[in-house]
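Down below is the structure, laid out as C-alpha cells.
The basis for the numbers below is simple: all heavy atoms, side chains too, and nothing from hydrogens, waters or symmetry mates. Chain letters run A, B, ... following the sequence lines, proteins first, then strands; residues in each count from 1. All values reported here derive from a predicted model rather than from experimental measurement.
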Amino acid sequence: MTPPAPELPQFYDPHAAFQRYASAWEASGVNSPAADAPGEPYCIVIPPPNVTGSLHMGHALNNTLQDVLIRYKRMDGFNAVWIPGTDHAGIATQWIVEKQLRAKGIDRRELGREKFLACVWEWKEQSGGTIVSQLKRLGVSCDWSRERFTLDEGLSAAVRENFVRLVEEGLIYRATRLINWDPVGMTAISDLEVETEENVQGELWSFAYPLSDGSGEIVVATTRPETMLGDTAIAVHPDDPRYQHLIGRTVRHPILGREIPIVGDAILVDPAFGSGAVKVTPAHDFNDHAVGKRHDLPLLTIFTLDGRVNAEGGPYEGLDRFDARTKIKADLEAMGLGRGSKLNVMTLPRSQRSGAVVEPMVSTQWFVRTKPLAEPALAAVEQGLTTFHPRQWENTYFAWLRDIQDWCISRQLWWGHRIPAWHCAACGETTVSRVDVTACGTCGSANVAQDEDVLDTWFSSALWPFSTLGWPARTPELAKWYPNAVLITGFDIIFFWVARMMMAGLHNLGSVPFHDVYIHGLVRDENGDKMSKTKGNVVDPLVAIEKHGTDAFRITLTSLAGLGRDLSWSDKHVEVWTRFQNKVWQSFRFLRMHVNEKPAPAPLGPMDRWILARAGVAVQNVRSAIDSYRFNDATAELHRFVWYELCDWYLEFSKAALYGEDEAEKAAARHTLWTVYSAVARLLHPFMPFLAEELWQNLPGSEGSVVRAPFPRPDDFPPADDTLAEVALLQETIVAVRRVRAEKEVSPRVPLQLVSQGLGALGRYHRVLDDLAKVTVCTGEKPDACATVVVEGIEGWIPLAGVLDLDKERERLAAQITKAQKSVDFLRNLLGNEGFVGKAKPELLASRRAELEGDEGRLATLTAALAALG
RNA sequence: UGGCAUGUAGCUCAGCGGCAGAGCACCGCCCUGACACGGCGGGGGUCGUGGGUUCAAAUCCCUCCGUGCCAACCA
C-alpha cells in the first residue's frame, strides 16, 4: 500500500497559486527561448502600451488572448516567444509631464528642451514600470529579457534608418501645406488624430459683402465668422443665374478694406444651399484651400500658433479665435451687414489628445508619400498573405489604404525621435543622415542645426514587429521570428498601427509583418455601455483580479471573446468560471482520494473507454477553436467536457468501481482518472495557468511543470468504438427513467428505444441505482406505450400512458414524417436520375447518398416511434 | 450620405440550409461519501418585419424597421 496522499485544501486559492508559480516560471527561462532553440517559430509582439498608461480592461483582454496563444504554442513544441515593451507615446506623455510642471508653475519653454526631456525621462523611469507590473499580475508569459521601449537605443536606430531610407527613396519629403494644427498642444497632427464631435449645436450666420462698385451686395453664410478676416474670394456656382454676371467682379472687405474677387467654382458650391454664395478662406479650411489652388488665390494666415488673431486681423489682433468670432459678428451687425442666422447641427474636429478644436493652418512639415507604400500593403491582404479575423475588417483596411492621404509625421514636440535632418544656415539646404551631422552635406558649412521637431509616435510603432527583433541589424532573432505569427489588437488602431506596420514591414523587409491579424472587440460594462470615467462604470482589472483571482478573470475574458463582437463584462460572467474552477478543484480532490501514485495501465471497461474517447473529441475541439481564434468556443468546450461528461457521468460511474470490490475495475478507473486529469490540466493551462499548475503538481507521478508539458493531442486517446454507442444509450436510458420518475412527459424518441440489457448493466452503478430503485417497474402484460427495463434480473416496464399526451405526440410525429418523406423522395429522385448522375461530381453524389441514408434512418426512427404510440 | 456589423428564451450570447441551444435568472425535489461554488428534474422562444429561393430557412436572397461602429459632408 502506498501512503495516503496529503489532503488538498478544501478550496483552491488562486492568489497563493499565483505567488507560487508566476515568478518561478519567469526565472525558469521557459518564456525566453533562444532564436536557435528547436521548434517552428511562433512570435507575437505585444501592442506596446503607453508608458503613461495603467492597465485597463482592453489591455487585459488583449494580453490574455495573446497569452492563451503563446502558452498553447509553447506547449505544442513551437519555438514560441512573446516580446513585450512599451511606447513612448509622444503627445500623450509630453502632455502629462507638461501638466505636472505647470502645476508647479513651470513652463517647459522656460526650462528648455534638455531639462524638460530630463524631467520626462525621470517620470518615465518611475511610472513607466507601472504598466509592466500590472501586466505581470495578469499572469502573462512574456519574454521580459527582450523587453523594449520605442525610445531605446536600438529602436531609435531603426527609426533613423527607416526615415533616411524613405528620404533617399523620395518617399519622405518636406513641404508647406495646409495641415491640422492643434492650437493647445501647439503641434501639427495627422488626419487620424483628428476626432469629430458629433451633433454640436452651432449657428449658421449670414452676412453681406458689399460689391466694390456699390451696386449691391452678396450674402454668404458661415459657422466661423472670424475666418472672414482671411477671406480672399467669394465663390458662386458658374451656372447660377443669380450670380453668373458677378463672376470676375469684386466685393470690398467691410473691415479690412481689401478687394476680394468673385469666382465661379462648380466643385465647392451647391447653388441650392444657403444663399448659393460661399466665402473662401484658403488658409484655414481644406475645401477653401482647394478652391484657392484652382483659382490661384492668396493664402492669408490670420491666426497665431496658439489660436489668436495675428497682425493680418487688424483691429482684432491678439484676440482668441472664439472671442474674435463674437466681436466680429457684433461689429458686422452694427455695420448693418448681418443677414440673420439659424441653428445648425454640425460636427467639430477636435484634437484626439488635447481636445482643442483643430485649426487648419499652412505650415512646413515632413510628410510620407503613402501611395507607393499602400499598394503592396493592399496586395498582400488581397492575396491572403495576411488574413484578418474576423474577415470583414479587411474591408475597413482596404477602404482606408485605397484612399490614403500623405502622412504628416513631424510634431512640434520634444518627447520623441528627433528628426534626423540638419538645416544649414549658410546655404539653406537640409542634410538627412543616419549619424549626427556636423557639416552641411551641400556646402560644408559647420553652421548646421538639427530640425527641432520629433516624429509622430506611430512612425516608430510601425516598425515594432521587426525593430524589436534587432532590425536594421540582421540578427538571428529577426531571421527566426519575422514575420510574426499573429497580431492581436483592437479595431480602433487598424489605421494608426496595423496598416502602417504592413506598409513598413513590406517596404523594409519585403514580407508581411504577421500572417494573421485578430481583431477583438471593446470591453463594455454589464449594460453594454462603453466604460468611461465620467460614467463611473470603469472596471479596474486589478481590482477584478484581486476579487476573483487571475485564473477566473482570464478565462472569463476569454470566454467572452467571440469573433466580431464587443464584450460585456459582468461579475455574473465571472461567477460561471469561478464555479467552474471550483468544480475542477473538487473533482480533482476526488481523484486524489483514490489515486495517490501514478497508476499503471489496466484493461479498461466501457465507461473508461467512453470518457477517454470523449476526451479525445474535446481535445480536438479545443485545438481547432484556438487554431481559428474562436476563443469563446474553446472555453465552452472545456466547460462542457469537464462538467457534463467528466464530472456528471464518468466520476459518478467510476464510484461503482472505486467503492466496489473488483480490483481490476478499480485499477481501470484509477488509470482512466489519472489519464483524463493529466489532459485536463494541460488543456486548462493556456486559460487558467495557475490552477492548471496546481493540478499538475498534485497529480501523482507528473513531471516538471505543466508549462513544459505537451498540449494534448487527439491521438493520445483511443478512437471511438462500439461501446460508445452503448454508453450513449445507457445515458439516454437513465435520463428517461429519471423523467418517468418525475412523472414528466417522456419524449418518445428515447424511451421507446430503452434497451433492457443496458439497464441491467447500469443497475450496478451508484447514483443510477438510487434512481432506479425509486422507479415503479411493472410486470405482466405490457401496454402499448411503455419502456422496457430489467432491474436486478427482473424484466419489467415503465408505463408511459398518463404522462404523455399521446394524441399530441402522434400529431407532431406525423408532421415530421411527412416532411422527412418528402425529403427522402426528393433525394431518391435526384440520385435515380441518370442525367444528374452523369453530370454530378462523385463526392457530391456521395454526400447526397449519405444525406439520403441519414434521412431514411430518421424517417425509420420516426415511423417506429409513431407505431409504438399506436 | 456611404460602408461594415448587429437584432435568437427575462438577461448575456452560441448556432448560419436538415428535430431551436448554452450560461445566468426562474420553478420543483434532494445537504447521497469530490463539490450546496453542488445534484436531479422542469417551465420559458412566430429566431426584428414583410416577401422570395428550396423537398426543407433562424440559417441563403431582397424590402423595411431598430441598434452600434467607421468614414465622408456640413458655406
Side-chain angles (χ1 to χ4, degrees), chain A residues 8 10-12 196 200 202 204-206 219-224 227 234-235 268-270 273-281 285 287-288 344-348 390 392-393 395-396 399-400 403 491-492 494-495 521-522 524 526-528 530 559-560 562 564-570 572-573 575-594 630 632-633 636 639-640 644 647-648 651-652 655 658-659 734-735 738-739 741-745 747 749 766-767 770-771 812-813 816 818-827 829-830 851 854-855 858 861-862:
Chain A
L8 292 176
Q10 192 179 357
F11 293 103
Y12 169 66
T196 47
V200 181
L204 184 63
W205 182 69
S206 298
V219 176
V220 294
T222 180
T223 53
R224 300 193 58 198
T227 61
I234 305 295
L268 176 74
V269 183
D270 171 8
F273 190 98
S275 66
V278 186
K279 61 188 277 304
V280 180
T281 322
D285 182 282
N287 286 315
D288 293 4
N344 185 38
V345 178
M346 50 187 224
T347 55
L348 270 186
Q392 67 257 18
W393 288 111
N395 295 326
T396 307
W400 188 69
D403 190 34
F491 57 83
D492 50 328
I494 290 177
F495 304 149
L522 209 65
R524 297 168 174 277
E526 56 195 323
N527 303 316
K530 230 180 223 177
S559 75
L560 294 171
R565 265 207 195 248
D566 283 350
L567 298 65
S568 187
W569 176 266
S570 109
K572 287 210 169 143
H573 293 307
E575 251 175 60
V576 174
W577 295 103
T578 309
R579 284 154 64 173
F580 174 73
Q581 174 176 272
N582 185 249
K583 192 72 177 176
V584 170
W585 186 250
Q586 300 305 338
S587 61
F588 186 71
R589 285 175 70 219
F590 173 79
L591 173 146
R592 285 288 305 263
M593 287 170 57
H594 301 283
R630 289 176 290 114
N632 55 333
D633 284 355
H639 186 274
R640 190 197 59 74
Y644 300 117
C647 291
D648 284 356
L651 253 57
E652 293 305 333
K655 286 172 183 171
L658 294 168
Y659 292 123
I734 291 168
V735 170
R738 283 172 182 158
R739 288 169 64 99
R741 197 186 98 196
E743 296 185 0
K744 295 296 179 186
E745 173 185 322
S747 162
R749 284 194 296 280
H766 175 69
R767 195 173 283 175
D770 179 56
D771 282 332
R812 207 170 67 89
L813 276 171
Q816 283 189 31
T818 312
K819 212 168 143 189
Q821 186 64 57
K822 276 166 92 179
S823 266
V824 169
D825 290 347
F826 168 74
L827 289 169
N829 286 339
L830 204 58
E851 254 182 75
D855 272 351
R858 198 176 130 231
T861 310
L862 292 171

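- A:Tyr12 comes within 4.0 angstrom of nothing in the nucleic acid, heavy atoms only.
- In terms of the side chain to side chain contact (heavy atoms under 4.5 Å, CB included) criterion, A:Ser568 has no residue partners (sequence neighbours excluded).
- Between A:Leu204 atom CG and B:C73 atom P there is a gap of 17 Å when expressed in whole angstrom units.
- Here A:Asp633 pairs with A:Arg630 under the salt bridge (charged side-chain N to carboxylate O under 4.0 Å, His left out) rule; sequence neighbours left out.
- Taking the ring pair (Phe, Tyr, Trp, His ring centres under 6.0 Å) definition, one finds that A:Phe580 meets it with A:Trp577, A:His639, sequence neighbours left out.
- Each of A:Phe495 and A:Phe590 was assigned the nucleotide of RNA chain B with the nearest heavy atom; the assignment lying further toward the 5' end belongs to A:Phe590.
- With sequence neighbours excluded, the residues that form a side chain to side chain contact (heavy atoms under 4.5 Å, CB included) with A:Glu526 are A:Ser570.
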* For RNA chain B, just give me the dot-bracket, please: Watson-Crick or G-U, both distances below 3.5 Å, ( ) intra-strand, [ ] crossing earlier pairs, | paired with another strand, . unpaired. => ((((((((.[[[[.)..(..]]]].(((((.......))))).....[.[[[..)....]]].])))))))....
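- A:Asp270 comes within contact range of at least one nucleobase, with a heavy-atom separation under 4.0 Å.
- At the heavy-atom level, A:Thr223 lies under 4.0 Å from the strands shown only through sugar-phosphate atoms.
- Distance CG (A:Leu591) to P (B:C35): 14 Å, rounded to an integer number of Å.
- Distance A:Trp393 CH2 to B:C70 P: 9 Å, rounded to the nearest Å.
- For the OP1/OP2 pair of B:A34 and a distance below 4.0 Å, the side-chain nitrogens and oxygens of A:Lys655 include at least one atom meeting the criterion.
- Checked against side chain to side chain donor-acceptor pair (under 3.5 Å), A:Gln586 has the following partners two or more places apart in sequence or in another chain: A:Arg589.
- Listed nucleotides: B:C4, B:C35, B:G68. Nearest to the side chain of A:Arg524: B:G68.
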Atom pairs, protein N/O to nucleotides 36-38 of chain B N/O, distance under 3.5 Å:
residue, atom, partner, partner atom, Å
B:C37, O2', A:Asn582, OD1, 2.9
B:G38, OP1, A:Arg579, NE, 3.1
B:G38, OP2, A:Arg579, NE, 3.4
B:G38, OP2, A:Arg579, NH2, 3.2
B:G38, O3', A:Lys583, NZ, 3.0

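- Side chain of A:Asn344 to backbone of A:Gly202: no donor-acceptor contact under 3.5 angstrom is found.
- With sequence neighbours left out, the side chain to side chain contact (heavy atoms under 4.5 Å, CB included) criterion links A:Asp270 to A:Ala272, A:Phe273.
- If you take atom P in B:A20 and the same atom in B:A57, they sit 11 Å apart, rounded to whole Å.
- Evaluation of the ring pair (Phe, Tyr, Trp, His ring centres under 6.0 Å) rule for A:His594 yields A:Phe590, A:Tyr659 as partners, not counting sequence neighbours.
- Not a single side chain to side chain contact (heavy atoms under 4.5 Å, CB included) links A:Arg565 to another residue, sequence neighbours left out.
- Qualifying salt bridge (charged side-chain N to carboxylate O under 4.0 Å, His left out) partners for A:Arg224, counting only residues two or more places apart in sequence or in other chains: A:Glu226, A:Glu359.
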* To do: Would you mind building the protein contact string for nucleotides 9-14 of chain B? One character per nucleotide, 5' to 3', B for base within reach (heavy atoms under 4.0 Å), S for sugar-phosphate only, - for untouched.
  => ---SSS
